[in-house]
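Every chain is numbered from 1, with letters handed out A, B, ... down the list of sequences. Heavy atoms only: backbone and side chains are in, while hydrogens, waters and symmetry mates are out. Note that the structure is a prediction, hence the values are computed from the model and not measured.
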2 protein chains.
Amino acid sequence: MRFSKSLIPTLKETPAEAEVVSHRLLLRAGFIRKLTAGIYTYLPLGLAAIRKVEQIVREEMTRAGAQELLMPMVQPADLWHETGRYKKYGPELLRFVDRHDRESCLGPTHEEVITDLARREIRSYRDLPMNLYQIQTKFRDEIRPRFGLMRGREFIMKDAYSFDVDDSTAEESYQCMYDAYKRIFTRCGLEYRPVEADSGTIGGSFSHEFMVLADTGEDTLVICSGCDYAANSEKAVVAAPGRDESPMLPLEKMETPGKRKVSAVCEFMGISPKELVKTMVYKAGEEAVAVLVRGDREVQEVKLKNFLGVVDVEMLDDKDVFAATGVPTGYLGPVGIKVKLLVDNEVAAMCNFVVGANEKNHHLKNVNMGRDFEPFGVADLRQITVDDPCPVCGGVLTMKEGIEVGHVFKLGTGYSKAMNAVFQDSDGQDKPMVMGCYGIGVSRIVAAAIEQNHDENGMIFPMPLAPMQVIVLNLGLKNEQITGAAEALYRDLEEKGIDVLLDDRDERPGSKFKDADLLGIPLRLTVGKRLTQDGVIELRSRRDGKVEELAPQQVVARVRELIEAAMING
Amino acid sequence: MRFSKSLIPTLKETPAEAEVVSHRLLLRAGFIRKLTAGIYTYLPLGLAAIRKVEQIVREEMTRAGAQELLMPMVQPADLWHETGRYKKYGPELLRFVDRHDRESCLGPTHEEVITDLARREIRSYRDLPMNLYQIQTKFRDEIRPRFGLMRGREFIMKDAYSFDVDDSTAEESYQCMYDAYKRIFTRCGLEYRPVEADSGTIGGSFSHEFMVLADTGEDTLVICSGCDYAANSEKAVVAAPGRDESPMLPLEKMETPGKRKVSAVCEFMGISPKELVKTMVYKAGEEAVAVLVRGDREVQEVKLKNFLGVVDVEMLDDKDVFAATGVPTGYLGPVGIKVKLLVDNEVAAMCNFVVGANEKNHHLKNVNMGRDFEPFGVADLRQITVDDPCPVCGGVLTMKEGIEVGHVFKLGTGYSKAMNAVFQDSDGQDKPMVMGCYGIGVSRIVAAAIEQNHDENGMIFPMPLAPMQVIVLNLGLKNEQITGAAEALYRDLEEKGIDVLLDDRDERPGSKFKDADLLGIPLRLTVGKRLTQDGVIELRSRRDGKVEELAPQQVVARVRELIEAAMING
């Protein structure tokens, strides 16, 4: 395409609204424009990058035996009532009534629709396994959409759904998608990591996320340096410690005037936070729940949600804590507490610890579970840390930030049972189909690629995702030889099926160099004075800055060679 | 693809819900399934047909210099308030509030969004002309969605928008799209006709529709056999006749007991319907309006809407006519009528005609406009007929049914002025951009192609739109030679980039032949007993039933030859 005829509105200034680098660069490079909160128009280059991702996804889904279809964005609420998710999904599910007052919603995901299709069209075990996917625009009414394409409200997703006769073939379908995902992210040219993950509102028994490693990622990954273990820290299991069998000392009440924070209490009492247990109060559904964790630990809310089987938990503020417990924050403790009490594994193994006395300005010393209080439940409820051992091999853990770009779920029969999606098995019996579901954030991959590949001058696209593979700079619009060579090069590259942008704008060379860097196009060809003086065209790699000087007739072959070398076969 | 592994749920029965042939066949052939009223899932073959249309559209839009982008489906109401369409559009615009109570809507079209983009990104005359398009899912909350993909609520559309510095270049942009559309529909293999059209709710000064000719079309086209004139009958101008200059006779009141219908009054009075004038009453906005047309004519409601400048008109029922006029239906007339009165050109030229007397059981004779009543307005308000002369050359008209698959509009500056989308012209002045907009019903094209191309056995796809170009029937699953040959053929055809479906199902030959016909795949290869007996594979053309017997090694070359011959270059 010709820069002069294209809508590539590059910006010199960094837009104030953008918080992360991909968002800033996507705006500055003219790839996207915001329409309203969390909703973007993909301009020509932004769309071209998305199409590159889609093509890779499509090829690998086909190779994995999945069939492409396309489901609607507007869905009837009836189906969501059948699975109970109409109530459960929360306000991210955008609901409305149509002109005939029928309850409807904008699809944030398509388990209900695909299960409805499966129960109507799949009759027999002979039709299974089946894997159906689509690449489609989704809508989730995020409360705080942010980071551009990283967490928008409207976004492009590939979602696939597998149907199997039993757990064992469902496992094979899962593994097949897991392998396809590895090929997809490898072919995209991304540094990524599959990790064990929480299943969230999709439900199901087991899942993996595919994480692009980048400092700006919203997720924290736990990776073992000794074995293959890798997990989202939301999910990472903390090994339960052995019980401290020291003799129990007599319970003591201490005056701790004005000492509300862990640090203040520890300093005042001359103890370490490891000897103190804090009591955190959450709202879970309509109920208040207290959780005990060691003074230096944090509650992992996803673990808490899963333990309680609720969609969301929220930490109570001081006022609501007082309303629920009758105790001012800072002096809460398990002994005699009025709300449901959960205890982290680590605390359950402790002996003679300090807690709040449920009385202003007082704490209790030498507290012991069993003797002094009885919990409602004991579980792994805290956030893992780098000090914890790997739950598989006991090795040393490291933590990295990641961006979730893919997620595979073993759903089991939750949806098929709720919606009566059965097939007739070879034994003549009706059985629920065993399902899996598999998502890829297509538009998010473009953002993640930029988060992982950029420098101070702009994006650095991996070749497989680059909307344009080559940019040709014409630095002598009025010079016949230069313009002739640039135009010939543009034509020849296009003819070879290479995605090429010709910068034929009436702009200073400095602007052209700056924009070429900003756009992140992997290869840059400069046609300027060096051609008229030395017969040379300059080929520069965006990633490493390496420059080659080529005779005009060498250029196309060399560019093709470099592109082929940079494409990855998975 | 392999039939046995694909979701192609063909039906033997015709689904009761389907009224038109394309709807019936799309369901029977397993191309689509209904999710809810007017909303369909595109199954693999249905989606493949849509992708064929998209590819042709994309290639021709690129060739015409248009750039592809992708705009959101969810749009903020603010923009629609700016153009006044939030009020004007009616209930087809699906409106809702998001979780933050922001008024939003599902995009039925994107004039507002693209004009907003243009005003922010286009600064100078040097940026123009520009033509931006997208292929995207639209939603229009049709009151009576029907006919499957012909008139759904959710559908896939290509919409393009052009921006120009003045009327003359806008005219060139319009012509460029007009030509691109001709290439697109020609390449699709459709018999179509561009016709002059009404601009509807999009607004603007001038437009053409591209109509696929088919008996089941919802639109009626008027085509001149003497010149190039062709128009949607909604729009077709009726030439005003010369005035009848006979002397006016004295007005007479006649008793016409119980004679309410045109035919009854004419019979009773011994006159022709051409001597009688009927009075039709409509609701236009909040107002009742009466329209006079000759007894044998029909009011053209689109002409009426345009004359009145309202979004919609609706004929009143007897009760509401009485409420508005105080006269029972059947005896209405212009003399002394209490509502706004419009007169069709033809009636304005008549002399001494018969009308209702605005009194039960009475009519008036020898009525004359000007002497007996004064109209609010006189205009071309009736439906054209085959008896009317061509408004351009006076030649003989014919009428055909058509399906609208494309529409091009000259919008002018309506949107750019309302939204202040200005550019700086070469004279330094800010001027509103001159716009055009151009739609293609991508999913509707698939339905229209079927309406135009089918027989009693199923669809007959034009090669360019066929989701699969060839079907290979393996009629000897247990015979090694037959299965080997069928599999080899399948592999060889796929390798050549041909879209091929292998019917490897364990079904009787009769079922396979039936399904091959139903799916409308242009070429069928039968691998069966004739191979083992005579070394022959049968190649049959779906459209004309012509059969060729080929040796296995001839098949691929012959198939390629036939496909190439059937593709159209536009």
Side-chain angles (χ1 to χ4, degrees), chain A residues 1 4-7 9 30 33 35-37 39-44 46-48 50-51 62 65 67-76 78-79 91-92 94-100 102 104 106 113-114 116-117 120-122 126-127 130 132 134 136-137 139 141-143 153-154 156 506, chain B residues 1 4-7 9 30 33 35-37 39-44 46-48 50-51 62 65 67-76 78-79 91-92 94-100 102 104 106 113-114 116-117 120-122 126-127 130 132 134 136-137 139 141-143 153-154 156 506:
Chain A
M1 57 203 274
S4 67
K5 305 255 182 222
S6 303
L7 184 62
R33 284 296 180 261
L35 177 61
T36 186
I39 302 183
Y40 292 86
T41 292
Y42 306 106
L43 299 188
L47 182 60
I50 284 172
R51 295 274 187 253
T62 302
Q67 301 175 62
E68 189 174 2
L69 44 61
L70 184 60
M71 289 180 273
M73 60 186 195
V74 171
Q75 306 183 3
D78 299 356
L79 295 177
E92 278 186 25
L94 196 141
R95 297 144 212 250
F96 56 86
V97 294
D98 68 12
R99 68 189 291 169
H100 298 298
R102 286 178 294 223
S104 311
L106 277 189
V113 174
I114 199 83
D116 176 57
L117 183 73
R120 291 190 286 153
E121 306 303 338
I122 297 175
R126 279 186 297 261
D127 301 330
M130 188 172 284
L132 300 167
Q134 64 176 349
Q136 198 236 21
T137 299
F139 194 89
D141 204 0
E142 293 273 355
I143 190 161
R153 296 198 293 159
E154 191 171 316
I156 300 173
D506 183 14
Chain B
M1 56 203 275
S4 67
K5 305 256 182 222
S6 303
L7 184 61
R33 284 298 180 260
L35 177 62
T36 185
I39 300 183
Y40 293 86
T41 292
Y42 305 106
L43 299 188
L47 183 60
I50 284 172
R51 294 273 188 254
T62 302
Q67 300 175 63
E68 189 174 3
L69 44 60
L70 185 60
M71 291 179 272
M73 60 187 193
V74 171
Q75 306 182 4
D78 299 355
L79 295 178
E92 280 186 24
L94 196 141
R95 298 143 213 252
F96 55 87
V97 292
D98 68 13
R99 71 189 290 170
H100 297 298
R102 285 176 295 221
S104 310
L106 277 188
V113 175
I114 198 82
D116 176 56
L117 183 72
R120 290 191 287 154
E121 306 303 338
I122 297 176
R126 279 184 297 261
D127 300 330
M130 188 172 283
L132 300 166
Q134 63 177 347
Q136 198 237 24
T137 298
F139 194 89
D141 204 0
E142 293 271 355
I143 189 160
R153 294 199 293 160
E154 192 172 313
I156 300 174
D506 184 13

Can you tell me which of B:Gly65, B:Pro9, B:Pro72, B:Pro91 forms the most heavy-atom pairs within a distance under 4.5 Å of chain A? B:Pro72

Heavy-atom pairs under 4.5 Å with chain A: which of B:Thr62, B:Asp127, B:Thr41 has the most? B:Thr41

Find the distance between CG (A:Leu47) and CD (B:Gln134) and round it off to the nearest 0.5 Å. 9.5 Å

How many angstroms lie between OG in A:Ser104 and CZ in B:Phe139, if you round to the nearest 0.5 Å? 7.0 Å

Proximity breakdown for [X] and chain A, heavy-atom pairs closer than 4.5 Å:
| X | answer |
| --- | --- |
| B:Met73 | both |
| B:Glu154 | side chain |
| B:Leu69 | both |
| B:Ala37 | side chain |

Name the option with the most non-hydrogen atom pairs under 4.5 Å to chain B; the candidates are [options].
| options | answer |
| --- | --- |
| A:Ile39, A:Asp98, A:Ile50, A:Thr137 | A:Asp98 |
| A:Leu94, A:Thr36, A:Val74 | A:Val74 |
| A:Arg102, A:Gln75, A:Gln136 | A:Arg102 |
| A:Glu92, A:Met130, A:Glu68, A:Met71 | A:Glu68 |

Using a strict 4.0 Å threshold on nitrogen-to-oxygen distance, state whether A:Asp506 and B:Arg126 make a salt bridge. no

Please determine whether a side-chain nitrogen of the Lys or Arg among B:Glu142 and A:Arg99 lies less than 4.0 Å from a carboxylate oxygen of the Asp or Glu. no

What residues, two or more places apart in sequence or in another chain, satisfy ring-ring contact (aromatic ring centres under 6.0 Å, His included) together with A:Tyr40? A:His23

Could you tell me if the side chain of [Y] sits less than 4.5 Å from the side chain of [X], heavy atoms only?
| X | Y | value |
| --- | --- | --- |
| B:Glu121 | A:Leu7 | yes |
| B:His100 | A:Ile143 | yes |
| A:Leu35 | B:Val113 | yes |
| B:Leu70 | A:Ile156 | yes |
| B:Leu43 | A:Leu132 | no |

Which residues satisfy the salt bridge (Lys or Arg N to Asp or Glu O under 4.0 Å) test with B:Arg120, sequence neighbours excluded? B:Asp116

Please report the shortest heavy-atom distance between B:Gln67 and A:Pro44, naming the atom on each side. OE1-CG, 3.5 Å

